[in-house]
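Below: one structure, written as structure tokens.
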Amino acid sequence: MKCSYCNREAVYYQRYSGKHLCRKHFTDFFEKKIRTVVKKYKMIETGDRIAIALSGGKDSTTLTKVLLELYGDRRDLEFLAITIDEGIEGYREKTLKIAKEITRSVGIEHYIASFEDNFSAKLDEIVKVGEKLPCSYCGVFRKYLLNKSARELSANKLATAHNLDDESQTILMNFINADIDRLARLIPQRDQEGLIRRIKPFMELYEKEIVTYGFLKGYPMIFDECPYSYFPVRAFVRDFIYELERKYPGRKISILRSLEKLAESLRITNPQIELSKCKICNEPTSQDLCQACKLVNELENKISIEHNEKLSLIKI
Ligand code: SF4
Ligand SMILES: [Zn+2]
Ligand SMILES: [Zn+2]
């Protein structure tokens, strides 16, 4: 099949636009989409020091490479990468290795914050005694460490590799759970003290597009799934959206657009809560204790876990 724009062979069929794209036109489309989204949401601005959350998986690897490719020459910007090592044997080692290779290849600082160094326990130990699903612990501790590390490294933005598939699933799940407060947290709001602003340059790109771009560029791509990933509702929503998209291409984007159209109303009905400081660790929280400290309290009678006051970061 020929490209819809030129005579070359197509490498990608974009169902929602009905276009066949050759390598050049697909790459142009992909990079232009990132630039457009970055500009639209003012994700990257003069003077920014941007921490990239780099797990070493396919999405964050591509994010690191492409951000440095598109913006790495700008002298008014700085980039660094942070990897969280949760302590998942047989899984994290592989992605950590890739993460190191990537940061070396693009020449940026790279830091690792591990659960073991910062909470005295690996995720592998936590899941043996915890009553919640592994991701409930992992998600909270990882978010906590990413924010704290980015702040201590003087970053003012934290870039994550969330894509359109992730975003549309999260939006729909919040509707399904009637969790409008959480839905409102997805829209851009004013910055709050202690919280590093998150940016998602891939938010309007399909996961398939990210994988295709990574392959075309020859980036190392790891498809291993975390052994603890178990999201029954999200998996159901993911399959539902997938089927919807298959029959009616473009629905993922329209789910995202629906949230954009609701943004103004949500800012009024669900205004941002003023954050205070956690009574134990001083990190920003909307309650007395932050989620991480609550989980540590819950677990401390079962395993040796403690909240190390000083952040432990290893520079690679
Ligand atoms: S799937 Fe769950 S447990 Fe595994 S890395 Fe992701 S959040 Fe952590
Ligand atoms: Zn072409
Ligand atoms: Zn705390």
### Query
Ion pair present between Arg267 and Glu264, side-chain N to carboxylate O less than 4.0 angstrom?
yes
### Query
Would you call the rings of Phe223 and Phe215 parallel, tilted or perpendicular, where under 30° means parallel and over 60° means perpendicular?
parallel
### Query
Between Phe26 and Tyr12, how do the two ring planes meet: parallel, tilted or perpendicular, split at 30° and 60°?
tilted
### Task
Please check if Ile108 and Tyr111 belong to a single hydrophobic cluster, counting links between Ile, Leu, Val, Met, Phe, Trp and Tyr side chain heavy atoms closer than 4.5 Å.
no
#### Entry: Side-chain ion pair, Lys122 and Glu86, N-O less than 4.0 Å
no
### Query
Quick one: are Leu259 and Leu266 in side-chain contact, heavy atoms under 4.5 Å?
yes
### Non-hydrogen atoms of Leu70 and Arg35 that approach each other most closely
CD2-NH2, 3.6 Å
### Lys/Arg-Asp/Glu bridge criterion (N-O < 4.0 Å) met for Lys24, Asp28
yes
### Task
Inspect the surroundings of NZ in Lys94 and state if more than 12 heavy atoms from other residues, nucleotides or ligands are less than 6.0 Å away.
no
### Message
Quick test of your reading of the model: are Lys128 and Glu125 salt-bridged, counting only N-O distances below 4.0 Å?
### Response
no
### Message
Quick one about Arg257 and Ser254 (side-chain donor to acceptor, distance below 3.5 Å, no hydrogens or angles considered), yes or no?
### Response
no
### Task
Evaluate the ring planes of Phe30 and Tyr213, with Trp represented by its six-membered ring, and classify them as parallel (under 30°), tilted (30 to 60°) or perpendicular (over 60°).
parallel
### Query
Between Ser60 and Ser55, do the side chains contain an N or O donor and an N or O acceptor separated by less than 3.5 Å?
yes
### Message
Do Ile255 and Tyr248 land in one hydrophobic cluster if side-chain heavy atoms of ILVMFWY residues count as linked below 4.5 Å?
### Response
yes
### salt_bridge(Glu298, Lys294) N-O dist < 4.0 Å
no
### Query
So with a 6.0 Å cut-off around CZ of Arg182, is the heavy-atom count from everything else above 12?
no
### Query
Are Gln14 and Tyr206 close enough that a side-chain donor and a side-chain acceptor fall under 3.5 Å?
no
### Query
Given side chains that start at C-beta, do those of Lys217 and Thr62 come closer than 4.5 Å, heavy atoms only?
no
### Query
Does one hydrophobic cluster hold both Ile314 and Leu54, with members joined at side-chain heavy-atom distances below 4.5 Å?
no
### Message
Looking only at the side chains, is there a donor atom on one of Thr83 and Lys100 sitting less than 3.5 Å from an acceptor on the other?
### Response
no
### Query
Are Lys302 and Glu131 close enough for a salt bridge, meaning some N to O gap below 4.0 Å?
yes
### Query
Taking a hydrophobic cluster as the set of Ile, Leu, Val, Met, Phe, Trp and Tyr residues connected by side-chain heavy atoms closer than 4.5 Å, whether directly or through intermediates, do Leu256 and Ile199 fall within one such cluster?
yes
### Query
Taking NZ, NE, NH1 and NH2 as the nitrogens, is one of them in Arg92 or Asp85 under 4.0 Å from a carboxylate oxygen of the other?
no
### Message
For Lys252, is there an ion pair with Asp165 - N to carboxylate O distance below 4.0 angstrom?
### Response
yes
